There are 2 protein chains.
Amino acid sequence: MPDPVPADERRFAEEMGTALAGMGVTPAFGKLLGWLLICEPPAQTSAQLAEALGLSKGSISTGMRLLERTGFVRRVPAPGRGHAYELMPNAMISGTDAAATYAAMRHVTERGLALLAAQGFAEDHDRARRLRINRDFFLFIEEEVPKLIDRFKQENDL
Amino acid sequence: MPDPVPADERRFAEEMGTALAGMGVTPAFGKLLGWLLICEPPAQTSAQLAEALGLSKGSISTGMRLLERTGFVRRVPAPGRGHAYELMPNAMISGTDAAATYAAMRHVTERGLALLAAQGFAEDHDRARRLRINRDFFLFIEEEVPKLIDRFKQENDL
DNA sequence: TTGAATGTTCAGAGAGTTCTGAACTTTCAG
DNA sequence: CTGAAAGTTCAGAACTCTCTGAACATTCAA
C-alpha cells in the first residue's frame with residue numbers, strides 16, 4: 001500500500017485548482033498542477049496522480065497531455081514501467097504569458113478600426129477614438145508583459 | 001422607426017463578445033461592451049441597446065448593472081426619460097487590471113508555503129523551491145502590472 | 001510471443017451557466 | 001394622483017462544460 005496522501009497537501013492541490021479555474025484552466029487540471037507543485041517525489045506516474053487526487057485515469061491522461069502540450073509539464077522516465085510527469089521548472093511563469101488573450105483583443109479592435117475606416121473614419125477621427133485607444137493598449141500589453149517576465153527571470157536566475 | 005443597425009457594426013459587437021468571453025466575461029456582456037466601443041451616439045438607452053443587439057430587457061438590465069459596478073460603464077442623463085449608458089473613457093484599460101487573479105494565485109501559493117513550513121520545510125528548503133518561485137512570480141506581476149498600466153496612461157495622456 | 005500493465009479515446013451523465021420573458025416595482029409627465 | 005414608460009428580479013429552458021468509466025490500443029518484461 002503506497003503512502004497515504006496528507007490531507008493538507010491534497011487540499012492545497014484542490015485550492016490551487018479553484019484558483020486556476022479563475023484563470024480559465026479547468027479545476028481538474030488546476031488540481032494536477034497544484035499537486036505537482038508540492039508532491040514528493042516531484043515526478044509522479046499516472047497511477048500515483050490518480051490515487052493522490054481521486055481523478056479518473058481518463059482525466060489524468062487527457063489532462064497531462066494538455067499540460068504537456070502547453071509546456072507546463074514534462075515526461076520523465078519512470079523507475080519501473082511507463083513514465084512519470086514532472087512540473088517544468090518555470091511552468092507557471094511561462095504559462096502565465098496570456099499573450100494569446102491580449103493578441104485576440106488586439107485583433108478584434110483592429111478589425112473594428114478597419115470597419116470604421118471603410119466608412120470613412122480614419123484612426124484620428126473622433127469616432128475611432130474609443131477603439132484606437134484600446135487597440136493601442138492591448139498592443140502595449142502584448143509587447144511589455146513578455147519583457148516584464150524576462151526581467152523576472154533574469155532577476156531570479158531562471 | 002429608429003435607424004437600423006449596420007450589420008457590420010453589430011457583427012463587430014458580437015466578435016468582441018466572443019473575444020471577451022475568453023477573458024471570463026459572458027458573451028452577452030462582452031457584446032454590450034463591444035457595441036459601446038463603436039456605437040453612435042456613444043451613450044445609449046436600454047431600449048436602444050436591446051434593439052441594437054437583440055438582447056432582452058432583462059439581460060441589458062443585469063448586464064449594465066454589472067458593468068457599472070465594475071467601472072466599465074457609467075449612466076448619463078438621457079434626453080427623454082430614464083438614462084443612457086456610456087463606456088467609461090478608460091473602461092477596458094482599468095478593467096484589464098487582472099490584479100485580483102494574480103493576488104488569488106499569490107494567496108494559494110502563500111498558503112502552500114505555510115503548509116510546508118508547518119512540516120518543517122523553510123522557504124529556503126529544497127522542498128519549497130517550486131512553490132516559492134511561483135509565489136515570488138505572482139507577487140512580482142501583482143506589483144509590476146499596475147506600474148505598466150500607469151506608464152501607458154501617462155504616455156497617452158489618460 | 002504473450003499478457004499484464006499502462007495509456008488513450010470518447011459517449012454521455014451530471015453539474016453549471018447564460019439568457020429570456022413574465023411578473024413585479026419604481027419613476028415621473030401630465 | 002394616475003398610468004404609462006422604464007427598470008428590476010428571478011424561475012427555469014436551453015445550452016455548454018467537465019469528468020468519468022468502459023472499450024480499445026499500446027508497450028514491454030519475461
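Owing to the predicted nature of the structure, the values given are computational and were not obtained by experimental measurement. Keep in mind that the numbers below use all heavy atoms, side chains included, and drop hydrogens, waters and symmetry copies. Chain identifiers are assigned alphabetically (A, B, ...) following the order of the sequence lines, protein sequences preceding nucleic acid strands; residue numbering begins at 1 within each chain.
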Gap between atoms CZ and P, on A:Arg75 and C:dG7 respectively (whole Å): 8 Å

D:dT9 P sits how many Å from B:Ile60 CD1, rounded? 15 Å

What does A:Leu55 touch in the nucleic acid at a heavy-atom separation under 4.0 angstrom: a base, only the sugar-phosphate, or nothing? sugar-phosphate

Sequence neighbours excluded, which residues qualify as side-chain contact (heavy atoms from CB on, under 4.5 Å) partners of B:Ser61? none

Just compare C:dC19, D:dG7, D:dT9 and give me whichever is closest to any side-chain atom of B:Ser59. C:dC19

In whole Å, what is the span from the CE atom of B:Met64 to the C1' atom of D:dT9? 18 Å

Between A:Ser46 and C:dT6, does any side-chain N or O lie under 4.0 Å from OP1 or OP2? no

Short side-chain N/O contact to C:dC19 OP1/OP2 from B:Ser56, under 4.0 Å: no

Review item, side-chain donor-acceptor pairs of residues 34-43 of chain A, under 3.5 Å, at least two apart:
unit_1: A:Trp35; atom_1: NE1; unit_2: A:Gln44; atom_2: OE1; d: 3.3
unit_1: A:Glu40; atom_1: OE1; unit_2: B:Arg127; atom_2: NE; d: 3.3

Which residue pairs satisfy the salt bridge (Lys or Arg N to Asp or Glu O under 4.0 Å) criterion with at least one member in residues 55-65 of chain B, sequence neighbours excluded? none

Is A:Arg151 paired with B:Glu144 through a side-chain N to carboxylate O contact shorter than 4.0 Å? yes

Taking 4.0 Å as the cut-off, does a side-chain nitrogen or oxygen of B:His83 come that near to OP1 or OP2 on D:dG7? yes

Once hydrogens and angles are ignored, does a donor-acceptor distance under 3.5 Å link the base of C:dG21 to the side chain of B:Lys57? no

Do any N or O atoms of the protein come closer than 3.5 Å to N or O atoms of nucleotides 14-18 of chain C, and which pairs are they?
none

When the distance from CD of A:Glu14 to C1' of D:dC19 is rounded to whole Å, what number comes out? 14 Å

Atom CD of A:Gln48 and atom C1' of C:dG7: how far apart are they, to the nearest Å? 16 Å

Pairs meeting criterion salt bridge (Lys or Arg N to Asp or Glu O under 4.0 Å) with involvement of residues 24-35 of chain A, two or more places apart: A:Glu14-A:Lys31

Applying salt bridge (Lys or Arg N to Asp or Glu O under 4.0 Å) to A:Glu110 and not counting sequence neighbours gives A:Arg106, A:Arg135

It should be established whether B:Arg65 places a side-chain nitrogen or oxygen under 4.0 Å from OP1 or OP2 of nucleotide D:dG7. no

